[in-house]
Amino acid sequence: MTKLLMFNSLDDEVDVIKNWQASHPDIVIDTNKETLTPETVDLVKGYDGLLIQQDNLIDDPKVYQKLHSFGIKQISLRTTGYETIDLKEAAANDLTITNVPAYSPRSVSELVLAHTMWLLRHLNVAAQREGHNDFTWDNLQAHEIHELTVGIIGAGKIGSEVARVFKALGANIIASDPIHRPELNSVLTYVDQQTVFEQADIITMHTPLLSSTYHMVDEAAFKAMKPSAIFINASRGAVVNTPALLAALKNKDIAAAGIDTIENEANIFSKDFSHKDQPNSWLNELLSLDNATVSPHIGFYTDIAVKNMVEISLEDALRIIAGKHGQHEIELPEK
Ligand code: NAD
């Protein structure tokens, strides 16, 4: 019997676990809503392995040392980012770290489509008018998607799926990415970043957040875009200079923006501020604009993605506990 402990489990993950366990009766998986910390690490005693979430910062060496002393061989993240893990401490304590590099690129691409179509068809404006029983058609005439050029910045796992989704609807697709993938030649045309900014009717961000991509969309980038452009960010908030985005929306340098990720969202998205103020003033400003739509970082959040996050991390954990290699091991520094 193998016993696993899942920290920070969400209710929908628990449902996935229940289904999974039905076909794996020899594996026990207990779940909790705790974060793995020096205070909670003793909960792992008696288990063979553990699964955690990306936002679980583990910066205290004691956690790694205790896990090692309990005979634990791995920490499996159910998410992609692993910057919260001290890889040196993991290596020093013989802990293999795994992540889930792609849980469903399609999930994010469909949210990009949803933001785009909502803004393209002026449904944001219609919804605001309907709030006071105004059902007029002024300024609601729209373009059709197949007349337009979609510009993708970063055509990796998610960006290439975005390209396929819009290509299927007949749009022209251009993309900038330092890596050119021959398999995408039938879907998109590679151009430089400035050409995407200048020529695309819809500009959508899909790069990682790196020092080279931090604030890559700034005032100059927004000024280069068409005044009719729709800008979408479902990557990482800080690839966009948020004050520049707010200015571009207010000055009508661009027509509209669909935002799933924003700078300093960490303690806001997924939390409920119904009866109090939320502390991100940029987000407040964005929400007050009639040409922006905001979703709370839910690009990834579909049934298929949650199932993949849980099942891929579980399979890796079990492989490592059984003495095999996990399929998504993070490279660790030398001891
Ligand atoms: P990926 O690594 O597969 O692709 C990223 C691509 O960006 C690569 O092809 C890379 O070459 C390219 N790139 C890097 N620097 C660039 C630059 N300066 N200009 C143009 N292209 C550049 O990553 P992915 O899995 O497709 O993820 C893309 C983004 O989506 C990441 O920021 C990730 O964190 C984010 N994401 C968001 C959600 C969500 O819920 N909104 C979910 C998952 C991932």
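Note that the structure is predicted; figures quoted are calculated from it, not measured. Indexing begins at 1, ligand by ligand and atom by atom, following the structure's order.
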Nearest non-hydrogen protein atom, atom 29 (C) of ligand 1
T207 O, 3.5 Å
Are T195 and D192 linked by a side-chain donor-acceptor pair shorter than 3.5 Å?
yes
Would you mind running through ligand 1 and noting each atom that sits below 4.0 Å from a heavy atom of G154?
7 (O), 12 (C), 20 (C), 21 (N)
Against heavy atoms of H297, which atoms of ligand 1 measure under 4.0 Å?
38 (C), 39 (C), 40 (O), 41 (N)
Which residue owns the protein heavy atom closest to atom 36 (N) of ligand 1, what's the atom, and how far is it?
I158 CD1, 3.9 Å
Give me the nearest non-hydrogen protein atom to atom 12 (C) of ligand 1 as residue plus atom name, then the distance to 0.1 Å.
D177 OD2, 3.2 Å
Are any non-hydrogen side-chain atoms of I203 and V217 less than 4.5 angstrom apart?
no
Using distance alone, with no hydrogens and no angle criterion, decide if Q278 and N284 have a side-chain donor and acceptor under 3.5 Å apart.
yes
Given A234, S160, G299, identify the one with the heavy atom nearest to atom 37 (C) of ligand 1.
A234
What residue and atom, counting heavy atoms only, is the protein's closest point to atom 35 (C) of ligand 1, and at what distance?
S235 O, 3.6 Å
How long is the span from the NE2 atom in H132 to the CD atom in E130, to the nearest 0.5 Å?
10.0 Å
Measure the distances from the heavy atoms of S176 to every atom of ligand 1 and state whether one is below 4.0 angstrom.
yes
State, with a plain yes or no, whether a side-chain heavy atom of S295 is found less than 4.5 Å away from one of T293.
no
At under 4.0 Å between heavy atoms, which part of V108 makes contact with ligand 1: side chain, backbone, both or neither?
side chain
Per side chain to side chain donor-acceptor pair (under 3.5 Å), E13 is matched among R78, K307, K18 by R78
Under 4.0 Å from any heavy atom of I179, which atoms of ligand 1 are there?
11 (O)
Proximity to ligand 1 by part of R181, non-hydrogen separation under 4.0 Å
side chain
Just to confirm my output: which protein heavy-atom neighbour is closest to atom 19 (N) of ligand 1, and how far is it?
M216 CE, 3.8 Å
Number the atoms of ligand 1 from 1 as they appear, then name those within less than 4.0 Å of a heavy atom of D260, with their elements.
39 (C), 40 (O), 41 (N)
Beyond-backbone contact of Q53 with L10, side-chain heavy atoms, under 4.5 angstrom
yes
Nearest neighbour in protein (non-hydrogen) for atom 14 (C) of ligand 1:
P208 CD, 3.8 Å
In terms of hydrophobic clusters joined by side-chain contacts under 4.5 Å, are I58 and Y47 together?
yes
Between the side chains of N99 and T80, is a donor N or O closer than 3.5 angstrom to an acceptor N or O?
no
Where T261 and S235 come nearest, the two heavy atoms and their spacing
CG2-O, 3.4 Å
N or O pair under 3.5 Å between R236 and ligand 1:
yes
Might you work through the side-chain hydrogen bond (donor to acceptor under 3.5 Å, both in side chains) test for T242 and E263, ending with a clear yes or no?
CA-CA 7 Å; T242 308; E263 288 182 280; 2.5 Å; yes
What is the nearest protein non-hydrogen atom to atom 40 (O) of ligand 1, stated with its residue, atom name and distance?
F300 N, 2.9 Å
Atom 15 (N) of ligand 1 [closest protein heavy-atom partner, distance rounded to 0.1 Å]
T213 CG2, 3.8 Å
